[in-house]
Amino acid sequence: CQNLQQHAWPQLHVLDLSFNIFDVSALAALFQGINKINTLEHLSLRACGIKAQGAAVIGNALASDRQVKKLDLAFNNLELVGCEVIADLLRVNKTIVELNLRSNSVGALGGQTLERALSYNKTLRVLVMADNQIGPEIIAALSGKVNGDFGDVLKASRSKELNMPADNLGELAKRNA
């Protein structure tokens, strides 16, 4: 990490450290280096074994950050406690526009925590929550906080494919019919 700090390219915009395992002290050292990069916009820490304690390091480091716009924390087993830390981050960080929390076992309570946090955050535009067992009501609520109501999201979508597996959306559609 000291090499990153000393030799970071002044034009570095994307830092992808996915599939590297970081303990809490390594994450803290990493963010000391990252804080010296003034151009970093996209940080990917996908599948880095971060868990809840690592999420606390990330939350503290990015709370006042004004550079990182895209944050990928997919496949890190953050669970509810880590999700609460990320929700706290979203309450104060007004720079992140894309957040990937796919497959972090946050559950319904984690989804509700994020929904409440998004009442304070109007900058987040993309939130990936697949494979978190959060349920269709919470998916709809999160979609509304990020993009308007769920129907508007579907109508306005320009994509030809929408993937939301294993989240019981059929039940939500029946209740809203």
Side-chain angles (χ1 to χ4, degrees), residues 22 24 27-28 31 34 41-157 159 162-177:
F22 292 97
V24 174
L27 271 176
F31 275 97
I34 285 175
E41 295 179 354
H42 182 176
L43 176 60
S44 182
L45 295 170
R46 174 182 285 244
C48 290
I50 291 171
K51 300 184 181 176
Q53 292 173 330
V57 172
I58 294 168
N60 288 334
L62 295 180
S64 60
D65 179 79
R66 299 293 174 250
Q67 304 297 321
V68 176
K69 293 179 174 77
K70 296 179 183 181
L71 179 60
D72 186 348
L73 298 175
F75 305 102
N76 274 298
N77 201 29
L78 299 179
E79 297 180 324
L80 175 59
V81 174
C83 186
E84 290 171 339
V85 171
I86 299 305
D88 288 342
L89 168 64
L90 290 175
R91 281 186 181 93
V92 297
N93 181 293
K94 306 301 183 215
T95 306
I96 297 172
V97 295
E98 290 185 28
L99 176 61
N100 187 348
L101 292 176
R102 180 182 188 140
S103 195
N104 271 293
S105 303
V106 303
L109 291 176
Q112 290 169 342
T113 301
L114 284 170
E115 183 205 353
R116 285 190 299 274
L118 290 175
S119 296
Y120 300 93
N121 182 307
K122 304 300 179 199
T123 56
L124 191 69
R125 293 290 167 245
V126 176
L127 176 62
V128 179
M129 292 296 295
D131 304 322
N132 276 298
Q133 297 77 40
I134 60 175
E137 290 89 3
I138 297 169
I139 289 173
L142 286 169
S143 295
K145 296 285 184 177
V146 174
N147 297 303
D149 75 41
F150 193 62
D152 290 340
V153 171
L154 295 176
K155 287 178 199 169
S157 175
S159 52
L162 179 63
N163 294 308
M164 298 177 103
D167 281 313
N168 299 319
L169 291 176
E171 290 178 32
L172 177 65
K174 282 189 252 178
R175 280 185 285 232
N176 289 329

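The structure displayed is predicted, hence computed values, not measured ones. One-based numbering along the sequence shown.
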Using the salt bridge (Lys or Arg N to Asp or Glu O under 4.0 Å) rule, collect all pairs that involve residues 44-64, keeping only residues at least two apart or in two chains. Arg46-Asp72
Set out, in order, the CA-CA distance, both residues' side-chain angles and the distance that settles side chain to side chain contact (heavy atoms under 4.5 Å, CB included) for Ile134 and Leu142, then state yes or no. CA-CA 10 Å; Ile134 60 175; Leu142 286 169; 3.8 Å; yes
Leu124 and Glu98: which non-hydrogen atoms are nearest, and at how many Å? CD1-N, 3.8 Å
Return the CE to CG distance between Met129 and Asn100, rounded to the nearest 0.5 Å. 9.5 Å
Is there a side-chain contact between Ile96 and Thr123 in this structure, where contact means two heavy atoms from C-beta onward sitting under 4.5 Å apart? no
Could you tell me whether the side chain of Leu118 reaches within less than 4.5 Å of the side chain of Asn121, counting heavy atoms only? yes
Could you work out, with side chain to side chain contact (heavy atoms under 4.5 Å, CB included) as the rule, every residue matching Cys83, not counting sequence neighbours? Val106, Leu114
Could you grab the distance from atom CD of Glu137 to atom CD of Gln112, nearest 0.5 Å is fine? 9.5 Å
With sequence neighbours left out, write down each residue that passes side chain to side chain contact (heavy atoms under 4.5 Å, CB included) with Leu80, or none if nothing qualifies. Glu84, Leu109, Thr113
Leu127 side, atom CG; Ile86 side, atom CD1 - distance, nearest 0.5 Å: 11.0 Å
Atom of Asn77, atom of Asn104 and distance for their closest heavy-atom approach: N-OD1, 2.9 Å
What are the two closest heavy atoms between Leu78 and Ala52, and how far apart are they? O-CB, 3.9 Å
Can you list everything that forms a side-chain hydrogen bond (donor to acceptor under 3.5 Å, both in side chains) with Thr95? Sequence neighbours excluded, please. none
Quick check for you: to the nearest 0.5 Å, what is the distance between Leu101 atom CG and Asn132 atom CG? 7.0 Å
Can you list everything that forms a side chain to side chain contact (heavy atoms under 4.5 Å, CB included) with Val24? Sequence neighbours excluded, please. Gln53, Val57
Filter on side chain to side chain donor-acceptor pair (under 3.5 Å), then keep only pairs touching residues 54-71, sequence neighbours left out; what's left? none
Least distance between heavy atoms, Leu45 atom then Asn76 atom: O-ND2, 2.8 Å
For a quick test of reading the model, state the closest non-hydrogen atom pair linking Gly59 to Val85 and the distance between them. CA-CG1, 4.3 Å
Residue pair Phe31, Leu43: steps toward the side chain to side chain contact (heavy atoms under 4.5 Å, CB included) verdict: CA-CA 11 Å; Phe31 275 97; Leu43 176 60; 3.7 Å; yes
Quick one: list whatever passes side chain to side chain contact (heavy atoms under 4.5 Å, CB included) with Arg91, sequence neighbours left out. Ala87, Asp88, Arg116, Ala117, Tyr120
Interatomic distance, CD@Gln133 vs OG@Ser105, rounded to 0.5 Å, equals 6.0 Å
